[in-house]
Amino acid sequence: MRRIAVLTSGGDAPGMNAALRAVVRTAIARGWEVLGVRRGYAGLLAGEMRPLSARDVGGILQLGGTVLGSARCPEFQTEGGRRRALASLSAHGAEALVVIGGNGSQTGAYELSRMGFPVVGVASTIDNDLVGSDVTIGFDTALNVALEAIDRLKTTASSHGRAFLVEVMGRDCGHLALLAGIAGGAEAVVLPEVETDPEALARELHAAYQRGKSHALVVVAEGAAYNAAHLAQYFRANERRLGFELRVTILGHVQRGGAPGAADRLLATRLGAAAVDALARGEAGVLVGWVRGAVATTPLEEVAGRLKPLDPVLLELAGVLAR
Ligand code: ADP
């Protein structure tokens, strides 16, 4: 009989619960015991963990957020903090740890695995910024939430001949903004990965106005050097040169909430199950992700502290399609 622990960490993402359910039930099916850790690494340090049964994870598949809770834990970034985490795992008899979370969480997972403890990560963040997974749990749902908002804003923008700056999440990465821009038919996207000249953006908006567009929509990534607030401030002095009146909407945390869609439930279920498979094979120190349409494991060493680059083809398409 093996005993493993599982936690959800960092920013919550729709589908984390589906991943937790898959970890618990596939591990139990192998005759293992699973300890659910509350509040991510903070709960791990504090020893907040208890055994989860198959019933304990019933009715959570369709819920957004995470029933285990999540937290940010600066102490885990110190070696002393991680030693306390190891002591807590050992006191509870856990032989391995599954970390469901995003970039920071997987960097923490790597640091813990470097200290000799078997850790498997599950790629879960709405930012979609993890190397080792073409798409991460929660991204598709968050993208659809952003799109629904963009579609609605376009309707009102058209009625009033306005330009909208719509700021979406994504931390230091532009994946969510780029895909929302393409799927939402934005006139422009502003991304952290691409240097933005606000003067060039002003010319683009004015050109769209002169071509007779009834509205203009710019999707702005929160991590861009010019985020929505900065751009609005920049244009405030001379808004009339844009042609359009300007409005700003910051979508914020609404993108995180809500029920996971079908794609995220399925991805989470597959990745959660694959994390248990990896441990059963004796594989650890890896991230379980989705690469070219299949489950894949990538050493955490290659994942930690890195950001997945944007797809240059999509980047170019975003520019071409905005005409
Ligand atoms: P996400 O996983 O969503 O990217 P964070 O970046 O906030 O969220 O990371 C979640 C937690 O992971 C942090 O609160 C911290 O405990 C841990 N963590 C982040 N970066 C590191 C690091 N470099 N070393 C160790 N632990 C880290």
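As the structure lists them, so they are numbered: ligands from 1, and atoms in each ligand from 1. Since this is a predicted model, take the numbers as computed values, not measurements. Along the sequence shown, the residues carry numbers beginning at 1.
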Would you mind reporting whether V168 and E222 have side-chain heavy atoms less than 4.5 Å apart? no
Considering only heavy atoms from C-beta outward, does the side chain of V6 approach that of L20 to under 4.5 Å?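 Result yes, sub-4.5 Å side-chain heavy-atom pair found.
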Under 3.5 Å between any N/O of [X] and any N/O of ligand 1: does that happen in this structure?
X	value
T107	no
P74	no
R72	yes
C73	yes
S105	yes
G10	no

Hey, looking at atom 11 (C) of ligand 1, which of S9, G11, A42, G305 has the closest heavy atom?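 Going through S9, G11, A42, G305 one by one, S9 has the nearest heavy atom to atom 11 (C) of ligand 1.
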Judged on heavy-atom distance to atom 12 (O) of ligand 1, which of A109, G104, G108, S70 sits nearest?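 Result: the heavy atom closest to atom 12 (O) of ligand 1 is in G104.
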Indicate, as side chain, backbone, both or neither, the part of Q77 found under 4.0 angstrom from ligand 1 when only non-hydrogen atoms are considered. both
Part of R171 with heavy atoms under 4.0 Å of ligand 1, whether side chain, backbone, both or neither: side chain
Tell me, with the steps shown, if L52 and R50 meet side chain to side chain contact (heavy atoms under 4.5 Å, CB included). CA-CA 6 Å; L52 293 176; R50 67 171 182 89; 4.1 Å; yes
What residue and heavy atom of the protein are closest to atom 24 (N) of ligand 1, and at what distance? E111 CG, 3.8 Å
Does a salt bridge link R84 with E75, judged by any charged N lying under 4.0 Å from a carboxylate O? yes
Counting each atom of ligand 1 from 1 as listed, which ones have a heavy atom of Y41 under 4.0 Å away?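 Once the distances to Y41 are compared, the set is 12 (O), 16 (O), 17 (C).
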Rounded distance [0.5 Å steps], [atom1] in [X] versus [atom2] in [Y]:
X	Y	atom1	atom2	answer
L165	I250	CG	CD1	9.5 Å
L271	S124	CG	OG	8.5 Å
K154	H215	NZ	NE2	4.5 Å

Residues N128, L176; criterion side chain to side chain contact (heavy atoms under 4.5 Å, CB included); working and verdict: CA-CA 7 Å; N128 197 25; L176 196 55; over 6 Å; no
